[in-house]
Amino acid sequence: MTATLQDRINRLQAATADGPALEQLMLREPVLSVAVNATSHPGASVTFVVVFESRRQAILKPFGGQNPNACANYDQDRDECLTHEVVAWRLAHALGDPFDQLLPTAVLRDVPGAGPGVLVNFRDGGPDPAVFTDAPAQAHATAFWDALIGQQDRHGANFRYDPMARRLAAIDSAFAFARPGDFINDGSLFIEFRHATSDGTLDDDEKNALQELVHHDLYGVGEFLSQDRGDALRARVKRMLASGRLPTSGEF
């Protein structure tokens with residue numbers, strides 16, 4: 001029987017039992033305040049800034065708050081796409097360094113005053129192009145990541161780089177896990193950077209990571225995705241291994 005979205009949400013919630021410390025804190029720490037996240041982009045999806053008692057911050061993306069036109073453009077379901085934030089984090093956690101450092105921790109939580117949704121750990125910085133000269137290894141890793149998850153929306157403002165810490169964050173994974181032929185918004189600037197600087201050739205660590213994904217059946221994250229998106233991810237992993245290179249955004 002085909003798993004429903006609620007089935008996949010239940011599996012994601014159960015998977016947090018072995019999550020790292022920050023994941024556990026985000027699930028359980030009392031919330032101090034919740035406020036609507038102001039945005040300069042009219043028509044953007046609804047988000048909230050959540051402040052915990054420790055003063056750590058997170059962004060809540062509530063179910064039902066995604067812009068319907070944007071979701072239709074990317075052929076994504078308004079609620080299912082939010083679970084992709086958590087699926088991406090679970091995959092990054094399974095792969096380990098550097099991907100669990102690039103991805104902000106994400107959990108499913110019902111936040112008082114805002115409702116249920118996806119809570120994403122806040123990461124410092126802005127869409128600073130200095131990342132390509134200051135932290136090229138992180139930029140290269142993000143290219144691999146964007147190709148792996150079929151990132152549909154890695155435009156020029158859709159990342160965070162903290163120049164003081166020299167730390168890159170690959171934010172916003174909702175419009176990801178693309179299937180062949182799905183719409184891509186201009187292509188990932190990180191994938192373009194990687195192809196321009198190294199012809200998109202995979203290094204040995206990346207090949208090993210892909211082999212482990214095949215060996216461990218995607219570390220179980222396929223169970224959190226719809227059947228077609230899980231199948232597309234498996235096929236993409238095998239194509240990357242066979243070719244020894246990153247696909248372009250149009251080859252997802």
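Basis for what follows: all heavy atoms, side chains included, without hydrogens, waters or symmetry-related copies. Since the structure is predicted, the reported quantities are computational estimates derived from the model, not experimental observations.
- Under the 30°/60° scheme for interplanar angles, the aromatic rings of His140 and Phe193 are found to stand perpendicular.
- The hydrophobic cluster around Phe183 extends to Tyr74, Phe175, counting ILVMFWY residues whose side-chain heavy atoms fall within less than 4.5 Å of a member.
- Contact check on Asp172 versus Arg154 returns no salt bridge, with no Lys/Arg side-chain nitrogen under 4.0 Å from an Asp/Glu carboxylate oxygen.
- With respect to Glu223 and Arg90, no salt bridge is recorded, no charged nitrogen being found less than 4.0 Å from a carboxylate O.
- Exactly one residue among Asp124, Asp128, Val131 makes a side-chain contact (heavy atoms from CB on, under 4.5 Å) with Pro163. That residue is Asp128.
- A salt bridge does not link Asp134 with Arg167: every distance from a Lys NZ or Arg NE/NH1/NH2 to an Asp or Glu carboxylate oxygen is 4.0 Å or more.
- Distance check: Thr83 OG1 to Lys61 NZ gives 11.5 Å after rounding to the nearest 0.5 Å.
- Distance check: Asn121 CG to Thr105 OG1 gives 5.5 Å after rounding to the nearest 0.5 Å.
- Contact check on Arg194 versus Glu206 returns a salt bridge, with a Lys/Arg side-chain nitrogen under 4.0 Å from an Asp/Glu carboxylate oxygen.
- Between Glu80 and Arg8, at least one side-chain N (NZ, or NE/NH1/NH2) sits under 4.0 Å from a carboxylate O, which counts as a salt bridge.
- You'll find the ring centres of Phe132 and Phe190 inside the 6.0 Å limit.
- Separation of atoms CD (Gln76) and CZ (Phe177) is listed at 10.0 Å; rounding is to 0.5 Å.
- Hydrophobic clustering (side-chain heavy atoms under 4.5 Å, transitive across Ile, Leu, Val, Met, Phe, Trp, Tyr) keeps Ile59 apart from Leu82.
- Other members of the cluster containing Met164 do not exist, because no ILVMFWY side chain is joined to it at under 4.5 Å.
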Test side chain to side chain contact (heavy atoms under 4.5 Å, CB included) on Leu148 and Leu233 and set out the steps. CA-CA 7 Å; Leu148 175 63; Leu233 176 57; 4.1 Å; yes

- Message: One pair to check against side-chain hydrogen bond (donor to acceptor under 3.5 Å, both in side chains): Gln227 and Asp231. What are the steps and the verdict?
- Response: CA-CA 6 Å; Gln227 183 72 48; Asp231 290 345; 3.0 Å; yes

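- Separating the CD1 atom in Ile171 from the CG atom in Asn158 is a distance of 5.0 Å, to the nearest 0.5 Å.
- Grouping Ile, Leu, Val, Met, Phe, Trp and Tyr by side-chain contacts under 4.5 Å, direct or through others, puts Val36 with Leu22, Met26, Leu27, Val31, Val34, Val46, Phe48, Val50, Phe52, Leu60, Val107, Val111, Leu119.
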